Every structure is written in C-alpha cells, then in structure tokens.
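All values derive from a computational prediction rather than experimental measurement. Starting from 1, each residue takes its place in the sequence as its number.
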Amino acid sequence: MKRIAVFCGSSVGASAAYIAAAEELGRTLAAENLTLVYGGASVGLMGAVANGSMQAGGHVIGVMPEFLEKREMAHTHVSELIVVSSMHERKAKMAELADGFIALPGGPGTLEEFFEIFTWAQLGLHKKPLGILNVEGYYDLLVSLFDRMADEQFMHEKYRTMTLSDTEPARLLEKFRQYEAPEVKTYIRRPEQT
C-alpha cells in the first residue's frame, strides 16, 4: 500500500473527538509513509485529516470538482490538488489513486462514496481493503446493518467481513495489510421453480 483514500465530512460534527480522530488518522498515514488521497477541502474533517498528515510531513493529494472548489474552500497547501469536472470523476480519480479506503464520520456524501467502493469490491472491480474508523461508536448502527443484511440474505456472508472496522487508525491499517479479498459472486441465484 502506498496511498489511502479517506472519505469524510466537510463539517466538523458535534464532537471534538471527530476532529481529533481525523487529525490522528492524518498523522498516522504520514508516520507510515502512506499518501493521503481525499476530497480536497480545507474545512471540516476533510481539512483536519489533510492538516494532520501535512503537519507530520505527509504527502497529501486532494481531488475536488470545479463546482465545489469555492464552496468547500479548496485546500491550497496540499502537496497536489487535482481539479476534476464532476463528482463522478472525483470518485473515479480517488479510486484510481488509492490502494485502500477509509471512512471517517460524515454524512450522506461520505456514505455514498464508501458504498460505491464497497459495491465495486463485491463485484470484483477491485481487491483493495476498505474500512471504517469507528470514532465514538459513530458507525455502530451501520455495522449492525451489515449484519442484518447478511442475516436477511441481502448480502453474502463472506462479504460481511469485507468492510474492516476499528477505533484506532494504526490497528485499522494493520488489518488492511492482512486483508485478503473474498472470491466474488459470479452469478445471482434464481428462485427455484415450483
């Protein structure tokens, strides 16, 4: 692994723990000589993870669509800022650059980015690790939902463990290093004819 993409909020959230976790993740990536790939903003958790990495001497690549460049206040001090034409292009570029993906707390946009990468993994479009940094239990309900999806047979059992989770960045990255992607489904089973 050389680069990790981080999906997270452009807001700071209700708890100071979210900012602290974002900064710690940035510092941890820098300490482990991993380039941060993220959404390119200078605000919210996005700004915090980038600042944490840069303050620790890390390399940071921001990817931001033109229409958000002013609205999300593009981070002008990152190592490299790539401006793209659309949200779709942003996600594709981040996926291309990254060797793994981490979700910090965030809103619908964070989940949308994360779920697209998760879906691509299930379809076998990549074998890169993906994980959740579960700060203060923020993603407990999502982890429970994955269990429910598997229990109710809307997700294959082997995919239940595809999303790694931890409360500590260093431990999550160690899980990334040990990750082996499961075999992907090759067909959808049809209901038995009666």
Side-chain angles (χ1 to χ4, degrees), residues 1-11 18 21-30 32-54 56 58-135 138-139 142 162-166 169 172-173 175-177 179 181:
M1 289 190 311
K2 294 181 180 178
R3 298 186 193 114
I4 299 294
V6 174
F7 305 126
C8 58
S10 58
S11 299
Y18 301 143
E23 290 171 346
E24 182 186 358
L25 175 58
R27 287 191 300 270
T28 302
L29 292 173
E32 299 198 19
N33 202 30
L34 294 166
T35 294
L36 166 66
V37 177
Y38 85 115
S42 62
V43 295
L45 297 192
M46 282 202 269
V49 70
N51 291 338
S53 180
M54 289 185 301
H59 189 82
V60 177
I61 301 172
V63 183
M64 180 172 276
E66 291 175 291
F67 80 97
L68 284 180
E69 195 174 357
K70 290 186 177 76
R71 192 184 309 169
E72 285 189 349
M73 296 170 33
H75 205 310
T76 56
H77 297 99
V78 294
S79 312
E80 183 180 353
L81 182 65
I82 300 170
V83 178
V84 295
S85 61
S86 68
M87 294 293 282
H88 292 295
E89 194 176 338
R90 177 198 233 177
K91 289 184 293 183
K93 189 64 173 175
M94 290 176 73
E96 173 194 324
L97 291 171
D99 302 311
F101 308 88
I102 294 176
L104 278 165
T110 299
L111 291 176
E112 187 269 336
E113 291 168 328
F114 185 78
F115 274 115
E116 184 160 8
I117 290 298
F118 187 9
T119 303
W120 291 355
Q122 286 182 306
L123 295 172
L125 298 178
H126 72 82
K127 293 181 180 271
K128 302 171 184 179
L130 57 147
I132 292 168
L133 192 60
N134 195 8
V135 182
Y138 183 80
Y139 282 119
L142 181 60
M162 189 176 267
T163 295
L164 307 169
S165 179
D166 210 296
L172 184 56
L173 290 170
K175 289 178 182 180
F176 274 30
R177 289 185 186 92
Y179 177 75

- Query: What distance do Glu116 atom CD and Met94 atom CE have between them, rounded to the nearest 0.5 Å?
  - Reply: 11.5 Å
- Message: Keeping Arg27 on the side-chain end and Ala56 on the backbone end, is there a donor-acceptor pair under 3.5 Å?
- Response: no
- Query: Would you say the side-chain atoms of Lys128 pair up with the backbone N or O of Ile117, donor to acceptor, closer than 3.5 Å?
  - Reply: no
- Query: Do Met46 and Met64 come within less than 4.5 Å of each other through their side chains, counting heavy atoms only?
  - Reply: no
- Would a distance-only check, ignoring hydrogens and angles, find a side-chain to backbone donor-acceptor pair under 3.5 Å from Arg90 to Val63? yes
- Query: Between Met87 and Phe67, is any pair of side-chain heavy atoms under 4.5 Å apart?
  - Reply: yes
- Test item: Phe101 and His126 side chains (from C-beta on) under 4.5 Å apart, heavy atoms: yes
- Query: What distance do Leu130 atom CG and Trp120 atom CH2 have between them, rounded to the nearest 0.5 Å?
  - Reply: 12.0 Å
- Of the non-hydrogen atoms in Ala22 and Ala48, which two are nearest, and what is the gap between them? CB-CB, 3.8 Å
- Message: Please determine whether the number of non-hydrogen atoms from other residues, nucleotides or ligands lying under 6.0 Å from atom NZ of Lys175 exceeds 12.
- Response: yes
- Pairs satisfying side chain to side chain donor-acceptor pair (under 3.5 Å), at least one member in residues 94-106, at least two apart: Lys93-Glu96
- Rounded to the nearest 0.5 Å, what's the gap from CG on Asp166 to CG on Asn134? Could you check? 9.0 Å
- To the nearest 0.5 Å, atom CG of Leu142 lies from atom CZ of Phe114 at 7.0 Å
- How long is the span from the CD atom in Glu66 to the OG atom in Ser86, to the nearest 0.5 Å? 9.5 Å
- Message: Looking at Glu24, is its backbone amide N or carbonyl O close enough to the side chain of Thr28 to form a donor-acceptor pair, meaning the two atoms are under 3.5 Å apart?
- Response: yes
- Item | Non-neighbouring partners of Thr76 that pass side-chain contact (heavy atoms from CB on, under 4.5 Å), sequence neighbours left out | none
- Message: Between Ser42 (side chain only) and Met73 (backbone N and O only), is there a donor and an acceptor less than 3.5 Å apart?
- Response: yes
Please tabulate, one pair per line, all N/O donor-acceptor pairs under 3.5 Å involving side-chain atoms of residues 104-113, not counting sequence neighbours.
unit_1, atom_1, unit_2, atom_2, d
Thr110, OG1, Cys8, O, 3.4
Glu112, OE1, Lys91, NZ, 3.4
Glu112, OE2, Lys91, NZ, 2.4

- Anything under 30° is parallel, anything over 60° is perpendicular, the rest tilted; go ahead and classify Tyr38 against His75. perpendicular
- What's the shortest heavy-atom distance between Leu172 and Leu133, and which atoms? CD2-N, 4.1 Å
- Query: Taking side chain as C-beta onward, heavy atoms only, is Phe176 less than 4.5 Å from Ile102?
  - Reply: yes
- Check whether any side-chain heavy atom of Glu32 sits under 4.5 Å from a side-chain heavy atom of Pro169, and report yes or no. no
- Gap between atom CG of Leu45 and atom OG of Ser11 - 0.5 Å precision: 8.0 Å
- Message: Within the structure provided, determine whether Leu173 and Ile4 are in side-chain contact (heavy-atom separation under 4.5 Å).
- Response: yes
- Message: Using every non-hydrogen atom in the two residues, find where Ala5 and Ala98 come nearest and quote the distance to one decimal.
- Response: CB-CB, 3.6 Å
- Report the residue from Val49, Val60, Leu36 that forms a side chain to side chain contact (heavy atoms under 4.5 Å, CB included) with Met54. Val60
- Item | Closest heavy-atom pair and its distance - Leu81, Ala74 | CD2-CB, 3.8 Å
